[in-house]
Undergrad: 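If you scroll down you'll find the structure; I have some questions about it.
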Amino acid sequence: LLADSTVDYICAMSAGIAYSGDLFEMAADSLYYLGAEREIVYNKNRKADTKFIVIKHLDFSGKSNKNDYVISITGTEKLKDVEVDLRYGSVCFGGTTPEEFQIEQNKSLKEYGDNPNIPTIHRGFSDYVQTAFFTKSEETGKMGADYIFDILNDKNAEDIYITGHSLGGASAIILAARLSAMGVPADRLNVVTFGSPAVGNQAFADWCRGRFNLKRIAMKNDVITGVLQGWLGKRKFVQFGDTVEWRRDPSVRHNQHAVAVYMDSAIRNYYKICMGMPGDNDHNGFRYADKNGIDIYTIELKPEIIFIGDKT
C-alpha cells in the first residue's frame, strides 16, 4: 500500500470529487493531473437516489502502470440523502448474494428476539448500498457492483480503494462488507472513510474484523462520527477499524464535518510528509477561478499555511 499520507490525499480528493460544486471540480483537476479518469454511476429508486465515482488510471505504486482504482461514494448532498440518513432503524446483515442481502434485510429483528449476537446495520445506509451497488439500473442493466467486479477480474489491476465522506463513508464500509460476503479477499478491499457515522452493532463490527482493511479518519469534534451512538446507544451502533484523529487548522472556517476540512488536512499532510512544504515564490500555490477570472478557491502551499476555502 501507499504511504499513509499519499493514500489519505488521493482518497480525500476522491471523496470530494463525488460531490457537486466548484471546489470539488478543482479536486478532480488535481487527480486529472495525475492521469486519472472518472466515470460517474447513478441509480435511483424510491429508497435512495445514489451516485458513486469510479476513478481509474491512478498510479498508487509508483510503477507507472496506472492500474489503480478508487470507488468514491457521495455523501449527503440532497434531500433524498437526508431521508436515508434519518432512516436509522436497524436491519439484519447477512447473505452472500444481492438477492440474499435484501432477504436478510427484510427479516424482522423480532425473529431473533433482539439478540445482540446478530449483526445489524443502519437501515438507510443499507438501502443506499443496495440501490447503488446491488440493484440493476434500468438504463444500463448493470449493478454498481458490476463495475467493481470488472476491476477485480482485470489481471492488470493493482490496488483498489473504496472511500467516501459522511454517508459515503458509511456506505463504503457496508459495501466492503457485502463484497467480502460475496468472496472478495481482504487484501483486495481497502477502505478509507472521512467523518463516517457508525454503521452497525458490535456483532457487525466483529463479523467485519479481518475481512477488509478499514482506516477511519475523524476530525476532532466532528459530531457526526458519534451521533448515532449518542442517540441510540452503543448497543446498536459502534465504531470500529483503525481510527485516526485529525484536527482542523485554525485558518479553515468550515465546520469540522465539512468534506473541505478533510481535504484541507489531507493536502497539508501530503505536502508536509511526502513533498516537503514549498516555501519559495515560484511554488506558492494553486489558484482556481471562475470563467470570468474571479478567484473562487485557492490552495496556498506555504510553510505556514495551506488554505482551502471561499475567498469571497
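Note that this is a predicted model, so its numbers are computed, not measured.
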Undergrad: Under a 4.5 Å cut-off applied to non-hydrogen side-chain atoms, are Met182 and Phe149 in contact?
TA: yes
Undergrad: I'd like to know if the side chain of Glu104 reaches the main chain of Thr96, judged simply by a donor and an acceptor atom lying under 3.5 Å from each other, with no hydrogens or angles considered.
TA: no
Undergrad: Using the rule that two of Ile, Leu, Val, Met, Phe, Trp, Tyr join whenever any of their side-chain heavy atoms come within less than 4.5 Å, decide whether Val84 and Ile224 are in one cluster.
TA: no
Undergrad: Would you check if there is a donor-acceptor pair between the side chains of Tyr262 and His257 at a distance under 3.5 Å?
TA: no
Undergrad: Minimum heavy-atom separation for Lys220 and Gln256, please, with both atom names.
TA: O-CG, 3.4 Å
Undergrad: Only counting residues at least two apart or in another chain, list the ones meeting side-chain contact (heavy atoms from CB on, under 4.5 Å) with Asp146.
TA: Lys142, Met143
Undergrad: State whether the side chain of Ser196 and the backbone N or O of Thr193 hold a donor-acceptor pair below 3.5 Å, judged by distance alone.
TA: no
Undergrad: State, with a plain yes or no, whether a side-chain heavy atom of Leu189 is found less than 4.5 Å away from one of Leu179.
TA: yes
Undergrad: Might you point out which heavy atoms bring Val238 and Ala198 nearest each other, and give the distance in Å?
TA: O-CB, 3.6 Å
Undergrad: Test side chain to side chain contact (heavy atoms under 4.5 Å, CB included) on Ile160 and Arg188 and set out the steps.
TA: CA-CA 6 Å; Ile160 302 171; Arg188 302 304 305 277; 3.7 Å; yes
Undergrad: In chain order, what residues pass the side-chain contact (heavy atoms from CB on, under 4.5 Å) check against Tyr42, with sequence neighbours excluded?
TA: Ile40, Lys51
Undergrad: Under 3.5 Å, is there a donor-acceptor pair between the side chain of Asp222 and the main chain of Ala218?
TA: no
Undergrad: So if you build clusters from Ile, Leu, Val, Met, Phe, Trp, Tyr with side-chain heavy-atom gaps below 4.5 Å, do Tyr161 and Met263 land together?
TA: yes
Undergrad: Spell out, yes or no, whether Val223 and Leu232 are grouped together once hydrophobic residues are joined by side-chain heavy atoms under 4.5 Å, including indirect joins.
TA: no
Undergrad: Not counting sequence neighbours, which residues clear side chain to side chain donor-acceptor pair (under 3.5 Å) with Asn45? List them please.
TA: Thr131
Undergrad: Return the set of residues passing side chain to side chain donor-acceptor pair (under 3.5 Å) with Glu245 (not counting sequence neighbours), or none when no residue passes.
TA: none
Undergrad: Donor-acceptor pair, Ser171 side chain versus Leu167 backbone, under 3.5 Å?
TA: yes
Undergrad: Please output the side-chain donor-acceptor pairs of residues 75-82 that fall under 3.5 Å, not counting sequence neighbours, one pair per line with the distance.
TA:
| residue | atom | partner | partner atom | Å |
| --- | --- | --- | --- | --- |
| Thr76 | OG1 | Asp85 | OD2 | 2.6 |
| Glu77 | OE1 | Ser20 | N | 3.1 |
| Lys78 | NZ | Asp49 | O | 3.1 |
| Lys78 | NZ | Asp81 | OD2 | 3.4 |
| Lys80 | NZ | Arg46 | O | 2.6 |
| Lys80 | NZ | Glu83 | OE1 | 3.4 |
| Asp81 | OD2 | Glu77 | N | 3.0 |
| Asp81 | OD2 | Lys78 | N | 3.2 |

Undergrad: Heavy atoms, side chains only, cut-off 4.5 Å: are Arg123 and Ser126 in contact?
TA: no
Undergrad: Could you verify whether a donor N or O on one side chain and an acceptor N or O on the other, from Arg216 and Thr243, lie under 3.5 Å apart?
TA: yes
Undergrad: Any idea which heavy atoms bring Phe52 and Ala132 closest together, and the distance?
TA: CE2-O, 3.7 Å
Undergrad: Can you list the residues that meet the ring-ring contact (aromatic ring centres under 6.0 Å, His included) rule with Phe134, with sequence neighbours excluded?
TA: Phe101
Undergrad: Could you pull out all residues at least two apart from Val244 that satisfy side-chain contact (heavy atoms from CB on, under 4.5 Å)?
TA: Lys215, Ile217, Trp246
Undergrad: If the condition is side-chain contact (heavy atoms from CB on, under 4.5 Å), which residues does Ser14 pass it with, not counting sequence neighbours?
TA: Ile10, Leu31, Ile55, Val70, Ser72, Thr163
Undergrad: Using side-chain hydrogen bond (donor to acceptor under 3.5 Å, both in side chains) as the criterion, point out the one residue from Asn190, Asp242, Asp187 that pairs with Asn213.
TA: Asn190
Undergrad: Is it the case that over 12 heavy atoms from other parts of the model lie below 6.0 angstrom from the NZ atom of Lys47?
TA: yes
Undergrad: In the structure I gave you, are the side-chain heavy atoms of Phe240 and Ile173 within less than 4.5 Å of one another anywhere?
TA: yes
Undergrad: Report yes or no: does Asn201 contribute a side-chain atom to a donor-acceptor pair with the main-chain N or O of Thr120 at less than 3.5 Å?
TA: yes
Undergrad: Give a yes or no answer on whether the side chain of Gln239 reaches the backbone of Thr225 with a donor-acceptor pair at less than 3.5 Å.
TA: yes
Undergrad: Looking only at non-hydrogen atoms, find the nearest pair between Ala181 and Gly95 and report the distance.
TA: CB-O, 3.4 Å
Undergrad: Ignoring hydrogens and angles, tell me if any N or O in the side chain of Thr74 forms a donor-acceptor pair with the backbone of Ala18 under 3.5 Å.
TA: yes
Undergrad: Might you point out which heavy atoms bring Lys136 and Gly141 nearest each other, and give the distance in Å?
TA: CD-O, 3.6 Å
Undergrad: Is the shortest side-chain heavy-atom distance between Tyr270 and Thr6 below 4.5 Å?
TA: yes
Undergrad: Taking only residues two or more places apart in sequence, or in another chain, which ones meet Thr50 in a side chain to side chain donor-acceptor pair (under 3.5 Å)?
TA: none
Undergrad: Looking at Glu25 and Arg38, is there a salt bridge between them, counting it only when a charged N and a carboxylate O are closer than 4.0 Å?
TA: yes
Undergrad: Within the structure provided, determine whether Leu175 and Ile148 are in side-chain contact (heavy-atom separation under 4.5 Å).
TA: yes
Undergrad: How would you list, by chain and number, every residue that makes a salt bridge (charged side-chain N to carboxylate O under 4.0 Å, His left out) with Arg87, sequence neighbours excluded?
TA: Asp127
Undergrad: Quick one: does any side-chain atom of Asp8 pair with a main-chain N or O of Ala266 as donor and acceptor, under 3.5 Å?
TA: no
Undergrad: Say you draw a straight line from CD1 of Ile118 to OG of Ser90; how long is it, rounded to the nearest 0.5 Å?
TA: 12.5 Å
Undergrad: Quick check: are there more than 12 heavy atoms from other residues, nucleotides or ligands sitting under 6.0 Å from OH of Tyr88?
TA: no
Undergrad: Group every Ile, Leu, Val, Met, Phe, Trp and Tyr by side-chain heavy-atom contacts under 4.5 Å, then state whether Val261 and Val192 land in the same group.
TA: yes
Undergrad: Side chain to side chain contact (heavy atoms under 4.5 Å, CB included) for Ser265 and Arg248? Distances and angles first, verdict last.
TA: CA-CA 7 Å; Ser265 291; Arg248 181 185 63 177; 5.8 Å; no
Undergrad: Could you list the residues that satisfy ring-ring contact (aromatic ring centres under 6.0 Å, His included) with Phe93, not counting sequence neighbours?
TA: Phe204, Trp207
Undergrad: Determine yes or no for a side-chain-to-main-chain donor-acceptor pair under 3.5 angstrom, with Thr97 supplying the side chain and Glu100 the backbone.
TA: yes
Undergrad: Is there a donor-acceptor contact under 3.5 Å linking the side chains of Asn156 and Asn67?
TA: no
Undergrad: Could you report the tightest heavy-atom contact between Phe237 and Val199, atom names first, then the distance?
TA: CE2-O, 3.4 Å
Undergrad: How far apart are the C-alpha atoms of Tyr69 and His57, what are their side-chain angles, what is the distance that settles it, and do they pass the side-chain hydrogen bond (donor to acceptor under 3.5 Å, both in side chains) test?
TA: CA-CA 7 Å; Tyr69 296 81; His57 303 315; 5.2 Å; no
Undergrad: Taking it one step at a time, do Phe212 and Val184 satisfy side chain to side chain contact (heavy atoms under 4.5 Å, CB included)?
TA: CA-CA 9 Å; Phe212 53 90; Val184 178; over 6 Å; no
Undergrad: Is there a path of hydrophobic side-chain contacts, each under 4.5 Å between heavy atoms of I, L, V, M, F, W or Y residues, that connects Val41 with Phe133?
TA: yes
Undergrad: Hey, does the side chain of Asn43 reach the backbone of Thr135 with a donor-acceptor pair shorter than 3.5 angstrom?
TA: yes
Undergrad: Restricting to side chain to side chain donor-acceptor pair (under 3.5 Å), what partner residues turn up for His122, sequence neighbours left out?
TA: none
